[in-house]
Amino acid sequence: MRLLTPFRRRNAGLEPTPFDRWMREFFEPDGDPENRFEMRYLPVANVAETDEDWVVTMELPGMHEKDVEVRLNGRQLVVTGERKQEKESKDKQWLRVESSYGMFERRFELPGDVRADADSVSAKFHKGVLEVHVAKLEPKPVTRIPVQGT
C-alpha cells in the first residue's frame, strides 16, 4: 500500500511543462526513485546577544557532537554536519517518513564587536542542542580629549 505517489502526467508522451519538471525534481531529487521522499536537512538556528558575547543555538535532534563541526572563517562562523538516517528496519515497512536527513552548512556573519579568533569561540553540545558562544570585544574606556583654543 502506498500512501504517497509521485505526480504522473495523464497525457504521457507530451513535452513536460515547467511544473512537471519541478515536481519530478521535488519527488526524485537525485533522479533515483528510492530517494523520492528524501528531504534536505537545514537545522533551525537562534542568535542572541548578551553583554559579554553572541550566542548561536542550533537544534540538532538525533545528532551527536561528533557529527558537527564548528569553524571560524574570517568573520564568518560556519557550522557543518550531517544527520544520518537510521536504516535499521527489519520488522517494519515505512509508510510515511517526514524526518529530514543529510548534510548541512550554516554560515553566520559576525558583527564588528566580536573577537574573531579561535580563543574567543566556545561550543557545547547537549541533548541535541548546539550552543556556540562568540566573545565580544572589551569596551574601551571613554577618554576625555581636551579642547584647545586658538
Side-chain angles (χ1 to χ4, degrees), residues 2-7 16-90 92-150:
R2 292 180 84 165
L3 297 176
L4 298 173
T5 58
F7 175 78
T17 66
F19 180 76
D20 295 335
R21 284 190 289 275
W22 178 82
M23 290 295 287
R24 185 174 300 121
E25 288 172 11
F26 179 80
F27 283 109
E28 296 178 17
D30 299 323
D32 181 3
E34 290 299 315
N35 293 333
R36 179 175 296 127
F37 301 110
E38 180 180 315
M39 298 178 71
R40 304 296 181 224
Y41 183 59
L42 186 64
V44 297
N46 299 314
V47 180
E49 179 183 14
T50 69
D51 291 338
E52 297 84 30
D53 57 8
W54 288 88
V55 183
V56 177
T57 307
M58 295 181 70
E59 297 174 11
L60 304 169
M63 294 180 67
H64 304 281
E65 63 272 2
K66 64 180 172 48
D67 301 326
V68 181
E69 182 178 293
V70 178
R71 296 187 317 268
L72 200 56
N73 184 9
R75 296 208 60 81
Q76 279 191 344
L77 179 69
V78 182
V79 180
T80 58
E82 181 175 8
R83 184 169 181 211
K84 297 177 181 152
Q85 182 175 13
E86 300 296 326
K87 297 282 184 176
E88 194 69 31
S89 60
K90 294 177 184 171
K92 55 188 161 194
Q93 176 184 357
W94 293 103
L95 300 176
R96 183 180 184 110
V97 176
E98 293 186 354
S99 300
S100 51
Y101 301 93
M103 297 182 75
F104 69 89
E105 179 176 278
R106 297 290 310 261
R107 293 178 175 266
F108 303 92
E109 194 70 33
L110 297 174
D113 66 343
V114 299
R115 293 176 41 205
D117 58 48
D119 296 333
S120 66
V121 179
S122 66
K124 296 180 201 168
F125 193 90
H126 183 66
K127 292 186 178 181
V129 177
L130 174 69
E131 188 172 281
V132 181
H133 291 259
V134 183
K136 289 184 176 180
L137 291 170
E138 308 235 347
K140 295 181 181 176
V142 176
T143 305
R144 185 176 175 145
I145 309 295
V147 178
Q148 299 177 357
T150 56

Checklist outcome for this item: Note: Val132 and Ala123 closest approach over all heavy atoms is CG2-CB, 4.1 Å
Item to check | Heavy-atom pair of closest approach, residues Leu130 and Val68 | outcome: CD2-CG1, 3.8 Å
Next on the checklist: For a 4.5 angstrom cut-off between non-hydrogen side-chain atoms, does Asn46 reach Val44?
Outcome noted: no
Next on the checklist: Do Glu59 and Pro43 make a side-chain contact, defined as non-hydrogen atoms from C-beta onward lying under 4.5 Å apart?
Outcome noted: no
Item to check | Val70 vs Leu77 side-chain heavy atoms within contact, under 4.5 Å | outcome: yes
Checklist entry - Do NZ/NE/NH1/NH2 and the carboxylate oxygens of Glu69 and Arg71 come within less than 4.0 Å? => result yes
Checklist entry - Does some side-chain heavy atom of Asp113 sit less than 4.5 Å from a side-chain heavy atom of Trp54? => result yes
Checklist entry - Hey, are the side chains of Arg106 and Thr80 touching, using non-hydrogen atoms and a 4.5 Å cut-off? => result no
Checklist entry - Does some side-chain heavy atom of Val134 sit less than 4.5 Å from a side-chain heavy atom of Asp53? => result no
Next on the checklist: Could you measure the distance from the NZ atom of Lys124 to the OG1 atom of Thr57? Nearest 0.5 Å is fine.
Outcome noted: 11.0 Å
Next on the checklist: Let me confirm one number: the CD-CD distance from Glu109 to Gln76, rounded to the nearest 0.5 Å.
Outcome noted: 5.0 Å
Next on the checklist: If I take atom OG from residue Ser120 and atom NZ from residue Lys136, how far apart are they, to the nearest 0.5 angstrom?
Outcome noted: 13.0 Å
Checklist entry - Does any non-hydrogen side-chain atom of Phe125 lie less than 4.5 Å from one of Leu60? => result yes
Next on the checklist: Taking Met63's backbone N and O only, do any of them form a donor-acceptor pair with Arg83's side chain (distance below 3.5 Å, no angle check)?
Outcome noted: no
Checklist entry - So how far is it from Glu82 CD to Glu105 CD, rounded to the nearest 0.5 Å? => result 13.5 Å
Next on the checklist: Could you go through Thr50 and His133, starting from their C-alpha distance and side-chain angles, then the distance that decides it, and tell me whether this counts as side chain to side chain contact (heavy atoms under 4.5 Å, CB included)?
Outcome noted: CA-CA 10 Å; Thr50 69; His133 291 259; over 6 Å; no
Checklist entry - Below 4.5 Å, heavy atoms only, C-beta onward: do Val79 and Phe104 meet side chain to side chain? => result yes
